[in-house]
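Single-structure report; data block below.
From a predicted model like this one, the values you see are computed outputs, not experimental measurements. The chains referred to below are lettered A, B, ... by the order of the sequence lines, with proteins before strands, and numbering in each begins at 1.
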Amino acid sequence: MSDLNVQLKNGAGIQLQSPVTVGEALKRLDRDAAKQALAARVNGRDVDLNFQLEAANSNGHIEIEPVLPQTQEGLGLLRHSTAHLLAAAVLDLFPGTKLGIGPPLLDDPRYGFYYDVIAPRPLTEADLPVIEKRMREIGKRNLAYRRDEIPKEEALRIFDEREEPLKRELIEEKGGDVVSVYYIDGTPFVDFCVGPHVTNSNRLRAFKLLTIAGAYWKGDPERPQMQRIYGTAFFNQEELDAWTKQREEAEKRDHRRLGRELDLFSIQDEYGQGLILWHPKGGMIRKQMEDYLREELLNHNYSFVYTPHIAKRELWQVSGHEQNYGDSMFSPTVLEDVEFRLKPMNCPFHIGIYKAQQRSYRDLPQRYSEMGTVYRAELSGTLHGLMRVRGFTVDDAHIFCRPDQVQTEIGDCLDFAYKVFRTYGFDKIKIELSVKGDDTTKNYLGRDEDWRSAEAALAEALDERGIGYERVEGEAAFYGPKIDIKIEDAIGRMWQLGTVQLDFNLPERFGLEYIGDDNKPHRPVMIHRALFGSIERFFGVLIEHYAGAFPMWLAPVQVAVLPITDRVNEYAERVARELRAAKLRVEVNTRGEKIGAKIRDAQLQKIPFMLVLGDREMEEGTLAVRERSRGDIGAMSLAQFREMARGLVETRAGANVAL
RNA sequence: GCCCGCGUAGCUCAGUGGUAGAGCGCCUCCUUGGUAAGGAGGAGGUCAUGAGUUCAAAUCUCAUCGCGGGCUCCA
């Protein structure tokens, strides 16, 4: 008798007699898929391969979809199971270890999974090889991953017996009347987990433990500090090797390393943590970045304002920064009994400029832009190279406009952002529209109808341009909705940079007004917008994006003139002078070295062009041109080279040449 | 701020209780060499800082500062 009508999703069907497991059913339907499958979805429910198919709760109709390798879902499962293997190894080696959680990670390319533990003694990186070795030993024993469904009370008893208070806490929070637990037979490991998992440890082969770090239980600094062991896993060794290589590539691009090697910037103890010293070469790049930005600001009819770094404490009380943001502000300093605080943001100053005179509806919009340097009291542990600092410059702008102008202004901000990011070679841009959520603890300001119309204006501006976006509920700031701009760099990492935010709060606090055509005062809308967010941070992103090989227009040194012998030094200087007259940034290398060494120096400095000059070139009045990524590209005249080089600079080309 | 690790020459690192080392870089000299490293010599270090243990500390202990990896935070 066959009581089960089993159907492969998008495939064959078969009649089977229960009891039978998904794995067995799958084997009858598609041997190949059965061999590969890690788990399966049965009538939409994720289950292990040894899940028993039953007629009772499916009317006999069963649809199976295998979870296969080379899918996001499959990878997540594999890593999740590897995390369990990790926990089993740790328990084996360090009895008495308390387990936290051990999820897979798919969004962060740096890691594949982690497990949070509290071991009887602090673990160090030196323990990782030992733990990894034990994981391999356990994996090779072909142990069963076994799922069990038991009453909640029994589960609590099990974890109490094992003195796993954190697991107990999780079960109490999340578990229903019946909870599922997973064992790895032959190990001390048992976990409260919904799964699914592989059914045998031999499926876990290509994995690696990476690092060990601190993590609070449930991310709460009030709760115990645990140790998080990070690792990653893949379906085979080749994938793991490829990932390892990619990781090394990312390490080579580290902006801190390149910043030193290319002499771009430094951060020195003596001057303070999180404070950047821009060296001449980094400074040249920054100048080009800022010049280009100012050029575009002019194109978009922004005006330029300049404001101080410090203001009376009272101002920050009026703006609300002190109440809402005070922890991130440097402490007040006193002069003649008046308190001052360094600015963490530029907005209140721009408001001051708006308020300096009475505004008519005809004057709007007012678009104030400033490279405004701000200071924030970031915790020492959060500082990171150029990415997280204590003093930085925002490519800031504030637009004061009428409600009917919001959509146009937002649209212009988007056009601006796309233009600029594309110039830098960021072709993949992701937009998030953050709107108000239901969470009443957030104390959203402004009327509901203002939120609705603002959100509509933002969405309309995006739709108008055919820009796809993700709507994120509850991510808006308390003072208004916003659009966040994220870009993907040359090796596929996402960076949150710019933001366009509506603000219902500050115009209110400062009592901003304009006189409308009805001769009555109205409240203007304020838009905050920054493209880079922070020039320092964006510079860091660029260094990694280009791997230090800046395109021609940004390169601090654009051309290295390399004389082969001292006889041509004078010719080399003449060439350099002429190129400098065309506003190219040129260095001549007259060191007593052979040409190979000079080329090597220039390559390592990632200078876009090298001009190799010897007797031949001097006699013929030519240049032997070498491009940093293509090598020798042949001889040309000085005029030819100058035109080509100028062309690259003026078009800001080559953003994608970096390798 | 919290947890773990680290701190030796400008950089990368070796040195585990007994007179501070290497490579690269830098300086000088020789070499004038045709597309990613020519040769020789030299300078350069209170071994992060402070205290302690010891006859003796770069080395062991403690504290402080800084850095790295995370967590937290991120208007």
Side-chain angles (χ1 to χ4, degrees), chain A residues 108 110-111 114 116 118-119 121-128 210-230 254 256-257 260-261 263 266-270 272-274 319-321 324-325 327-329 344-347 374 376-385 387-388 394 396 434 476-480 482 484 496 499 501 503 505-506 528 530 533-534 537 560 562-569 590-605 610-617 624-628 630-635:
Chain A
D108 188 338
R110 293 172 304 167
Y111 306 112
Y114 65 81
D116 283 349
I118 302 176
R121 65 157 171 89
L123 301 176
T124 76
E125 307 239 335
D127 294 314
L128 293 183
L210 300 168
T211 184
I212 193 159
Y216 299 112
W217 173 237
K218 293 183 175 172
D220 183 350
E222 302 294 312
R223 305 297 304 270
Q225 174 102 30
M226 309 187 69
Q227 286 191 293
R228 176 166 297 178
I229 303 171
Y230 281 99
D254 190 311
R256 294 165 300 183
R257 166 211 285 267
R260 189 173 48 240
E261 286 174 1
D263 194 18
S266 61
I267 301 169
Q268 299 175 31
D269 254 17
E270 294 79 352
Q273 294 178 278
S319 72
H321 283 97
N324 294 313
Y325 200 62
D327 289 348
S328 297
M329 293 176 69
M345 292 185 203
N346 298 302
C347 351
V374 299
R376 298 186 185 173
E378 304 287 357
L379 296 178
S380 60
T382 66
L383 300 173
H384 181 89
M387 302 303 186
R388 194 71 184 271
V394 186
D396 218 347
S434 297
F478 72 91
Y479 52 74
K482 62 174 179 175
D484 284 327
Q496 148 94 59
T499 174
Q501 311 194 348
D503 189 339
N505 178 40
L506 290 177
H528 306 252
S534 140
R537 186 175 142 85
L562 311 178
I564 291 170
T565 90
D566 291 351
R567 286 190 302 282
V568 297
N569 279 359
T590 53
R591 293 175 52 203
E593 280 296 346
K594 301 216 296 190
I595 193 64
K598 293 185 183 182
I599 287 170
R600 183 165 192 274
D601 288 347
Q603 284 291 153
L604 291 175
Q605 284 299 303
M610 286 151 254
L611 303 179
V612 177
L613 304 182
D615 291 327
R616 202 157 62 222
E617 286 74 21
V625 182
R626 184 186 164 97
E627 200 270 338
R628 73 180 158 204
R630 287 183 288 160
D632 192 349
I633 57 171

Now, which nucleotide makes the Watson-Crick or G-U wobble pair with B:rC62, with each of the two distances under 3.5 Å?
->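 Answer to the pairing question: B:rG50, which forms a Watson-Crick or G-U pair with B:rC62.
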Whole-Å [atom1] distance, [N] and [M]:
{"N": "B:rC13", "M": "B:rC2", "atom1": "C1'", "value": "31 Å"}
{"N": "B:rC60", "M": "B:rG15", "atom1": "P", "value": "12 Å"}
{"N": "B:rU54", "M": "B:rC11", "atom1": "C1'", "value": "35 Å"}

If we ignore angles and hydrogens, is there a donor and acceptor under 3.5 Å between the side chains of A:T590 and A:N569?
->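 No, because no side-chain N or O of A:T590 sits under 3.5 Å from a partner of the opposite role on A:N569.
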Working for side chain to side chain contact (heavy atoms under 4.5 Å, CB included), residues A:E378 and A:Q273 | CA-CA 10 Å; A:E378 304 287 357; A:Q273 294 178 278; over 6 Å; no
Counting heavy atoms not belonging to A:D220, are there more than 12 under 6.0 Å from its CG?
->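 Counting neighbours around CG of A:D220, more than 12 heavy atoms of other residues, nucleotides or ligands fall under 6.0 Å, so yes.
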Quick one: ring-ring contact (aromatic ring centres under 6.0 Å, His included) partners of A:Y230, sequence neighbours excluded?
->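 Once residues adjacent in sequence are excluded, the partners of A:Y230 under the ring-ring contact (aromatic ring centres under 6.0 Å, His included) criterion are A:Y111, A:Y114.
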With A:Y216, which residues qualify under ring-ring contact (aromatic ring centres under 6.0 Å, His included), at least two apart?
->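 Residues passing ring-ring contact (aromatic ring centres under 6.0 Å, His included) with A:Y216: none at all.
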Counting only side-chain heavy atoms from C-beta out, which of [options] sits nearest to [X]?
{"X": "A:Y216", "options": "B:rC2, B:rU32, B:rC73", "result": "B:rC2"}
{"X": "A:E378", "options": "B:rC73, B:rG34, B:rG70", "result": "B:rC73"}
{"X": "A:I595", "options": "B:rG33, B:rG34, B:rU12", "result": "B:rG34"}

Can you check nucleotides 23-29 of chain B for protein contacts, nitrogen or oxygen pairs under 3.5 Å, and list what you find?
none

Contact letters for nucleotides 38-48 of chain B, in which S counts primed atoms plus P, OP1 and OP2 and B counts the base, heavy atoms under 4.0 Å = B----------
Distances under 3.5 Å between nitrogen or oxygen atoms of protein and nucleotides 65-69 of chain B:
| residue | atom | partner | partner atom | Å |
| --- | --- | --- | --- | --- |
| B:rG66 | OP1 | A:Q273 | OE1 | 2.9 |
| B:rG66 | O3' | A:D269 | OD1 | 3.4 |
| B:rG66 | O2' | A:D269 | OD1 | 2.9 |
| B:rC67 | OP2 | A:Q273 | NE2 | 2.3 |
| B:rG68 | OP1 | A:R256 | NH1 | 3.3 |
| B:rG68 | O3' | A:R256 | NH1 | 3.2 |
| B:rG69 | OP1 | A:R256 | NH1 | 3.2 |
| B:rG69 | OP1 | A:R256 | NH2 | 2.8 |
| B:rG69 | OP2 | A:R256 | NH1 | 3.3 |
| B:rG69 | OP2 | A:H384 | ND1 | 3.2 |
| B:rG69 | O3' | A:Y111 | OH | 3.3 |
| B:rG69 | O2' | A:T211 | OG1 | 3.4 |
| B:rG69 | N2 | A:G214 | N | 3.3 |

May I ask you to say whether A:R591 pairs ionically with A:E593, meaning some side-chain N is under 4.0 Å from a carboxylate O?
->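 Looking at A:R591 and A:E593, the cut-off is met.
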Spell out yes or no: do the side chain of A:Y114 and the base of B:rG70 have one donor N/O and one acceptor N/O closer than 3.5 Å?
->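 No such pair is found, so the answer is no.
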Please identify each residue that fulfils side chain to side chain contact (heavy atoms under 4.5 Å, CB included) with A:I564, with sequence neighbours left out.
->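 By the side chain to side chain contact (heavy atoms under 4.5 Å, CB included) rule, A:I564 matches A:I595, A:V612.
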Give one of base, sugar-phosphate or nothing for A:D327, where a contact means two heavy atoms less than 4.0 Å apart.
->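 The residue A:D327 makes no contact with any strand.
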